[in-house]
Student: 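Supplied in structure tokens, the structure appears directly below.
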Amino acid sequence: MVVTKDIGGQAALSADVENHTGYQYITGLELAKKFEEHMKEFGMEVKEGEEVIEVEKAGDAVKVKTDKGTYESKTLIIASGARPRTLNVPGEGKFKNRGVTYCATCDAPLFADVDVAVIEGGNSALDATLQLMRIANKIYLININRGSAAMR
Ligand SMILES: Cc1cc2nc3c(=O)[nH]c(=O)nc-3n(C[C@H](O)[C@H](O)[C@H](O)COP(=O)(O)OP(=O)(O)OC[C@H]3O[C@@H](n4cnc5c(N)ncnc54)[C@H](O)[C@@H]3O)c2cc1C
């Protein structure tokens, strides 16, 4: 059984998805519809529009309480997604989705031949930089810990 506030999650918010295996191009809403059809095809019970508010152990089972009911299950898989950690600096909110993005895989093609800055220096930043190297003109990698570097 799947319990979810919405089917598709963040994917449903994407205007276009170009990196989902099997589709050269699909809108986020269409992809969410495909997820729904797939679950129905396999006869999966889906509780849509329900929010999990509490989880507790009940003997050998797990009790999952939502805003609409309570379910017991032997196993519970939590796939509640992730949220980007924002910089919380002036202008970030104003330019979100207007030049400020949190996903190179999703948005790198929007920055073709322009100069971009990647903020932070962990694995994700280097991964984003590698993806952008094929697309952007110049990449500034700005890292709070060790200064900054201009690449290419
Ligand atoms: C605008 C936008 C465009 C994107 N474009 C692309 C793209 O082109 N290519 C790409 O690869 N990625 C893209 N992404 C990223 C991609 O959508 C995410 O990486 C992916 O959706 C993560 O999937 P997930 O299932 O881990 O989490 P999520 O999509 O966040 O799903 C989590 C689900 O859990 C539910 N949930 C959370 N808490 C509860 C609760 N307490 N009770 C019930 N349900 C709960 C949520 O409602 C949601 O349905 C984009 C993201 C955004 C926002």
Side-chain angles (χ1 to χ4, degrees), residues 1-55 62 64 66-68 71 73 75-152:
M1 186 175 82
V2 172
V3 181
T4 180
K5 286 191 278 187
D6 55 65
I7 293 175
Q10 293 177 61
L13 302 174
S14 182
D16 46 37
V17 179
E18 296 177 54
N19 62 325
H20 197 289
T21 309
Y23 302 101
Q24 277 85 38
Y25 171 88
I26 188 163
T27 69
L29 275 179
E30 282 169 335
L31 190 59
K33 196 89 199 124
K34 296 275 176 204
F35 293 161
E36 189 174 5
E37 285 167 11
H38 207 152
M39 289 192 287
K40 281 193 179 143
E41 184 69 27
F42 282 93
M44 203 177 282
E45 193 177 349
V46 181
K47 301 286 181 188
E48 194 188 356
E50 288 199 32
E51 180 172 9
V52 176
I53 50 174
E54 197 180 331
V55 172
V62 185
V64 177
T66 76
D67 55 355
K68 297 203 175 117
Y71 311 100
S73 161
T75 306
L76 173 68
I77 298 173
I78 300 176
S80 50
R83 297 282 166 271
R85 190 155 55 95
T86 55
L87 288 172
N88 289 323
V89 295
E92 184 181 15
K94 185 175 170 193
F95 295 111
K96 186 177 172 188
N97 299 330
R98 293 186 176 87
V100 172
T101 177
Y102 301 90
C103 175
T105 306
C106 319
D107 294 335
L110 301 176
F111 303 103
D113 300 325
V114 298
D115 295 351
V116 297
V118 174
I119 318 238
E120 272 300 343
N123 277 356
S124 301
L126 294 176
D127 189 44
T129 304
L130 284 174
Q131 292 184 55
L132 282 159
M133 278 176 92
R134 289 180 291 117
I135 296 168
N137 178 50
K138 185 183 231 174
I139 304 158
Y140 294 95
L141 186 55
I142 303 171
N143 182 359
I144 196 168
N145 295 322
R146 295 189 186 160
S148 344
M151 304 180 77
R152 201 163 59 150

Student: If every non-hydrogen atom of Glu92 is compared with every non-hydrogen atom of Leu87, which pair is closest and at what distance?
Tutor: OE2-N, 2.9 Å

Student: Stepwise, does the salt bridge (charged side-chain N to carboxylate O under 4.0 Å, His left out) test hold for Lys40 with Glu37?
Tutor: CA-CA 5 Å; Lys40 281 193 179 143; Glu37 285 167 11; over 6 Å; no

Student: To the nearest 0.5 angstrom, please state how far the CD atom of Gln131 sits from the SG atom of Cys103.
Tutor: 7.5 Å

Student: Tell me the closest heavy-atom pair linking Asp6 and Thr4, and the distance in Å.
Tutor: O-OG1, 2.6 Å

Student: Any donor-acceptor pair under 3.5 Å linking the side-chain atoms of Asp115 with those of Asn137?
Tutor: yes

Student: What's the shortest heavy-atom distance between Ala32 and Ala12, and which atoms?
Tutor: CB-CB, 4.0 Å

Student: Mind checking whether Val46 and Glu36 have side chains closer than 4.5 Å, heavy atoms only?
Tutor: no

Student: Can you confirm whether the side chains of Tyr71 and Glu45 place a donor and an acceptor under 3.5 Å from each other?
Tutor: no

Student: Can you measure from CG (Asp16) to CG (Leu29) and round to the nearest 0.5 angstrom?
Tutor: 11.5 Å

Student: Check Lys34 with Glu30, please: is the shortest side-chain N to carboxylate O separation under 4.0 Å?
Tutor: no

Student: Identify the two heavy atoms, one from Lys5 and one from Glu48, that lie closest to each other, and give their separation to 0.1 Å.
Tutor: O-CG, 4.4 Å

Student: Drop me the distance from Ser14's OG to Ile26's CD1, to the nearest 0.5 angstrom.
Tutor: 10.5 Å

Student: More than 12 foreign heavy atoms under 6.0 Å from CD of Glu54: is that the case here?
Tutor: yes

Student: To the nearest 0.5 Å, what is the distance between CG on Leu31 and OH on Tyr25?
Tutor: 11.5 Å

Student: So, for Leu141 and Ala125, which heavy atoms are closest and what is the spacing to 0.1 Å?
Tutor: CD1-CB, 4.2 Å

Student: Can you tell me if Glu41 has over 12 outside heavy atoms packed within less than 6.0 Å of its CD?
Tutor: no

Student: Begin from the C-alpha positions of Thr66 and Lys47 and carry the test side-chain contact (heavy atoms from CB on, under 4.5 Å) through to its verdict.
Tutor: CA-CA 10 Å; Thr66 76; Lys47 301 286 181 188; over 6 Å; no

Student: For the CG atom on Asn123, are there more than 12 heavy atoms of other groups (residues, nucleotides or ligands in this structure) within a distance under 6.0 Å?
Tutor: no

Student: Any chance NZ of Lys68 has more than 12 other-residue heavy atoms, nucleotides or ligands included, within less than 6.0 Å?
Tutor: yes

Student: Under the side-chain contact (heavy atoms from CB on, under 4.5 Å) criterion, do Ile139 and Met133 qualify, and how do the steps go?
Tutor: CA-CA 7 Å; Ile139 304 158; Met133 278 176 92; 3.6 Å; yes

Student: Quick check on side chain to side chain contact (heavy atoms under 4.5 Å, CB included): which of Ile142, Thr129, Asn143 does Val118 satisfy it with?
Tutor: Thr129

Student: Got a second to check how far Met1's CE is from Leu76's CG, nearest 0.5 Å?
Tutor: 10.0 Å

Student: Checking the side chain of Gln10 only, and the main-chain atoms of Ala82 only, is there a donor and an acceptor separated by less than 3.5 Å?
Tutor: yes

Student: Under the side-chain contact (heavy atoms from CB on, under 4.5 Å) rule, what do Met39 and Ile7 come out as? Steps first, then yes or no, please.
Tutor: CA-CA 10 Å; Met39 289 192 287; Ile7 293 175; 4.1 Å; yes

Student: Return the minimal non-hydrogen interatomic distance between Thr101 and Phe111, and the atom names on each side.
Tutor: CG2-CE1, 3.7 Å

Student: Test side-chain contact (heavy atoms from CB on, under 4.5 Å) on Lys96 and Tyr102 and set out the steps.
Tutor: CA-CA 9 Å; Lys96 186 177 172 188; Tyr102 301 90; 4.0 Å; yes

